[in-house]
Each structure stands twice: as C-alpha cells, then as structure tokens.
2 protein chains.
Amino acid sequence: MNKSVPTDPSRPADDVTRHVGYQLKRAQAALRGAMDKALREHGLTVPQYSTLELLALRPGMSNADLARATFVTRQSGNVVLRGLQEAGLITRPATADHGRSRPAHLTAEGHTRLAAVQAAVYAVEQRMVEAIPPQRVEALLIDLDRIAAALED
Amino acid sequence: MNKSVPTDPSRPADDVTRHVGYQLKRAQAALRGAMDKALREHGLTVPQYSTLELLALRPGMSNADLARATFVTRQSGNVVLRGLQEAGLITRPATADHGRSRPAHLTAEGHTRLAAVQAAVYAVEQRMVEAIPPQRVEALLIDLDRIAAALED
DNA sequence: TTGTTCATGTCAGTATTTTGACATGGCCAG
DNA sequence: CTGGCCATGTCAAAATACTGACATGAACAA
C-alpha cells in the first residue's frame, strides 16, 4: 500500500518539511551545530577552521579567495583572518608584492592546531556519510553540486 | 575510462570540495542567496518568510516552537516575531492564557503578504528541484533527513 | 600615455544572531 | 501541599555578518 496522497513534483508539497529547501536547511543547521560543538573544545570557530583547512590545502590564498571559498563577504573574511593572525596561526606579508592581495600562510602552530582538530571534524563528516547508503554518496554530492550551480547567478 | 584515483569512502578526500559537508554548505549558501534576492523585492527576510509560512500551516505556534522549526535560538526568534508584529503581519495575545507561551497568528495582511511572495519563493524551490533527476528527488530528501538525524543530539 | 574597468583590502555603521542569565508558570513525584 | 524540574519568554552584552563606501593597484583599450 502506498500513501493516499501521491507526491506531485510540479507543485511544492503543502507540508514544508518535505521541501528540498527545508531539509537542506535542516541538514546544514545540524552540521553547523555538530561542528561548533566539536571545535569549541579546541577554541576555534567554524569559519576559522574552514580557513585553516583551505590554507593547508592551497597556501597563499588571499582574503578575497578565502571569503569566496567560505561563502562570506570579504569584510567578514577579513575579521576571521585578523583573528587567526592575532592567534599566531597564520601570517600575511605586511605589504603586497603584486596588486593589493596579500597571500596568507599557516604558521607552524597553525599546522599543529589544524592537525589537532581534524580528527574531531572528520569524525563529524564520517557520521554524516555513514548515515546514508554508500552507493548514494556520490549521487548526493552530484545533486548538491547541481543545486548550487542552478541557484548561483 | 574512469578516474585514475578511486574514491576511498573510509577517509575524507583531500579535495575539500568533495566533502559532503562542503557541498552541503555550498548548496545552502546558494539557496540562502537566491531566497534573499527573491524576498528583498517584497521587503521580507528569510527568517521572516519562514515564520509566516510556518504560521500559515500551523497557526498558534509559540515563539519557542517557531525558533525550533527555523533553526535559530529563542532569542533570535523573538526578534523576528517582534518585527513581524510591528509590521502588522502577525498578532500575539498580550497575556498567555496557559503557561507563558503566547500563540502567534497571521493577520489578514500577513496572509496577503505571504501569498504575494510565495510565487517567487516557490520558483526558487522549483529551480532547485529541476536541477536534479526527478527519480532522485525522493532519495535526496531521505538522505538529507538521515544526515540531520545523525547529527542532531 | 591616458582613461576605463575591475578586483582587492579596508573603514564605518548597521543588522542579525548568539551566549549567558534570570524570572515565571506548569507538571509531577514525594 | 511542597519542592524539584523543565519549558518558556525576555533582558543584556558580546560576537558575528552584512551593506555601503572608498582608495589603491593591475590589466587593457584607445
């Protein structure tokens, strides 16, 4: 037996919790909460962690680069970068050698702090991935990518 | 021919953009941006719209109820509710008849304002849904639900 | 060279959201 | 009846993020 009211994809369901947008928001909120909790014990915020991770993978990214990659404005990114700099986790040249962009790099302490939190963060990612059938993970990544592409201007 | 480096699900990929968490954040950021843009022309913010939608579906929700449903703190929810009340889109009894919770209801103008924006918002949801193969939409909803459930405490 | 255009970094101000704390009302075991 | 416990609403303060604006340097066309 099936549901008495078949889903009609051409129109949004009257139950908000069945909208893709709602579930997307819910999943992201849960992820944010779990990461906040995992990072709090290490004294880092989510944007700070994201920035460290990005810089470890691609050293020399500028503030504008990082802001785009972490989905915040340049201004917000700048605040995060200042915080990390004051904490001694990253360095930026005082003057730009080309244009105005100043490439950021992890310090030694930045690397060790990142390594210290990665286990906790990866455990969260792991919990997420294990919650869905393995053969669907790839499709999920593709679908999320398509969604983002369809909504970006 | 396939990729030279097969994915190893037991460990996070070194490319951050292939993490489920990253794509989730990206898709949600894109959704938020698209909704902001669609709602701006109508003078509403995303939390305000979400609150109106919820109240239309389940009249009488309290501030705490709405805060949970929109994934913000009670305090933030209260600010949104005050704004909507000042704008004349919702009403709340001055005194609670049972406990401390004061049930909120849409005003006539609240209903009309909501109806006016729904087309724009549903169009965004539509763009999202059309971006992925129809037979995968249901699976996507299930996966997102599982992710949220796995990360919530 | 000169002017235009664009991306970047940054300042100031505002808005939004969160954390922390507290008082109040209902519920229930004792 | 009473005390503990929990959910709710709300205040205050801090953190966080955004909008708007401006100056600077690079790239490019005329």
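It should be emphasised that the depicted structure is a prediction, and the values quoted were computed from it without experimental measurement. Naming convention: chains lettered A, B, ... in sequence-line order (proteins, then strands); numbering from 1 in each chain.
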Output one line per pair: protein atom, nucleotide atom from nucleotides 3-5 of chain C, and distance, for all N/O pairs under 3.5 Å.
none

* Asked: Where along residues 90-106 of chain B does a heavy atom come under 4.0 Å from DNA chain D, residue by residue in number order?
  ->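 Contacting residues: B:R92, B:R100, B:S101, B:R102.
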* Audit row: B:R146, A:E130, salt bridge (charged side-chain N to carboxylate O under 4.0 Å, His left out) steps and yes/no -> CA-CA 10 Å; B:R146 293 226 175 110; A:E130 284 171 358; over 6 Å; no
* Asked: Heavy atoms, side chains only, cut-off 4.5 Å: are B:E138 and B:L141 in contact?
  ->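 B:E138 vs B:L141: side chains touch.
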* **Validation row: B:M128, A:L151 side chains within 4.5 angstrom (heavy atoms)** =>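 Yes, side chains in contact.
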With a 3.5 Å cut-off and sequence neighbours excluded, list the donor-acceptor pairs that the side chains of residues 101-108 of chain B form with protein atoms.
unit_1	atom_1	unit_2	atom_2	d
B:R102	NH1	B:P93	O	3.0
B:T107	OG1	B:G88	O	2.7
B:T107	OG1	B:L89	O	3.2
B:T107	OG1	B:E109	N	3.4
B:T107	OG1	B:G110	N	3.0

Could you tell me which non-hydrogen atom of [X] sits nearest to which non-hydrogen atom of [Y], and how far apart they are?
{"X": "A:D143", "Y": "B:R136", "result": "OD1-NH1, 2.6 Å"}
{"X": "A:L144", "Y": "B:V20", "result": "CD1-O, 4.4 Å"}
{"X": "B:T17", "Y": "B:Q23", "result": "O-NE2, 2.9 Å"}
{"X": "A:M61", "Y": "A:A69", "result": "CE-CB, 4.2 Å"}

Which donor-acceptor pairs under 3.5 Å do side chains of residues 35-58 of chain A form with protein atoms, sequence neighbours excluded?
unit_1	atom_1	unit_2	atom_2	d
A:T45	OG1	A:Q48	N	3.3
A:T45	OG1	A:Q48	OE1	3.4
A:Q48	OE1	A:T45	N	3.0
A:Y49	OH	A:E53	OE1	2.5
A:S50	OG	A:V46	O	2.9
A:S50	OG	B:K25	NZ	3.4
A:T51	OG1	A:P47	O	2.8
A:E53	OE2	A:Q118	NE2	3.0
A:E53	OE2	A:Y122	OH	3.3

* OP1 or OP2 of C:dT18 under 4.0 Å from side-chain N/O of B:S76 ->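 Indeed, a polar side-chain atom of B:S76 lies that close.
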* Do any N or O atoms from the side chain of A:E125 and from the backbone of B:H19 form a donor-acceptor pair under 3.5 angstrom? ->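 It does not hold such a pair.
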* Asked: Looking at residues 32-54 of chain A, who's got a heavy atom less than 4.0 Å off DNA chain C?
  ->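 Only A:R40 qualify.
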* Tell me, which of residues 57-71 of chain A have any heavy atom that sits under 4.0 Å from an atom in DNA chain C? ->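 Heavy-atom cutoff 4.0 Å gives A:S62, A:N63, A:A64, A:R68.
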Drop me the distance from [X]'s [atom1] to [Y]'s [atom2], to the nearest 0.5 angstrom.
{"X": "A:E152", "Y": "A:I147", "atom1": "CD", "atom2": "CD1", "answer": "11.5 Å"}
{"X": "B:F71", "Y": "B:L66", "atom1": "CZ", "atom2": "CG", "answer": "12.0 Å"}
{"X": "B:N63", "Y": "B:R82", "atom1": "CG", "atom2": "CZ", "answer": "9.5 Å"}
{"X": "A:L81", "Y": "A:E86", "atom1": "CG", "atom2": "CD", "answer": "11.0 Å"}

What pairs of nitrogen or oxygen atoms, one from the protein and one from nucleotides 11-15 of chain C, lie under 3.5 Å apart?
unit_1	atom_1	unit_2	atom_2	d
C:dC11	OP2	A:R82	NH2	2.8

* **End axis versus end axis in the helix from C:dT1-D:dA30 to C:dG30-D:dC1, the angle rounded to 10°, five pairs used at each terminus** =>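 Rounded value for the end-axis angle: 30°.
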* To do: Taking side chain to side chain contact (heavy atoms under 4.5 Å, CB included) as the test, write out the residues that go with A:A67, two or more places apart.
  =>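 Once residues adjacent in sequence are excluded, the partners of A:A67 under the side chain to side chain contact (heavy atoms under 4.5 Å, CB included) criterion are A:V72.
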* To do: Quick one: list whatever passes side chain to side chain contact (heavy atoms under 4.5 Å, CB included) with A:A64, sequence neighbours left out.
  =>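 Per chain and number, A:A64 pairs via side chain to side chain contact (heavy atoms under 4.5 Å, CB included) with A:S62, A:R68, A:R74.
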Let me have the donor-acceptor pairs involving side chains of residues 27-34 of chain B, under 3.5 Å, with sequence neighbours excluded, atom names and distances please.
none

* Asked: Along DNA chain D, 5' to 3', what are the outermost nucleotides having an atom less than 4.0 Å from a heavy atom of chain B?
  ->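 Going 5' to 3' along DNA chain D, contacts run D:dT8 to D:dT19.
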* Asked: Which part of the nucleic acid, if any, lies within reach of B:V72 when heavy atoms closer than 4.0 Å are counted: base, sugar-phosphate only, or nothing?
  ->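 Sugar-phosphate, no base atom in range.
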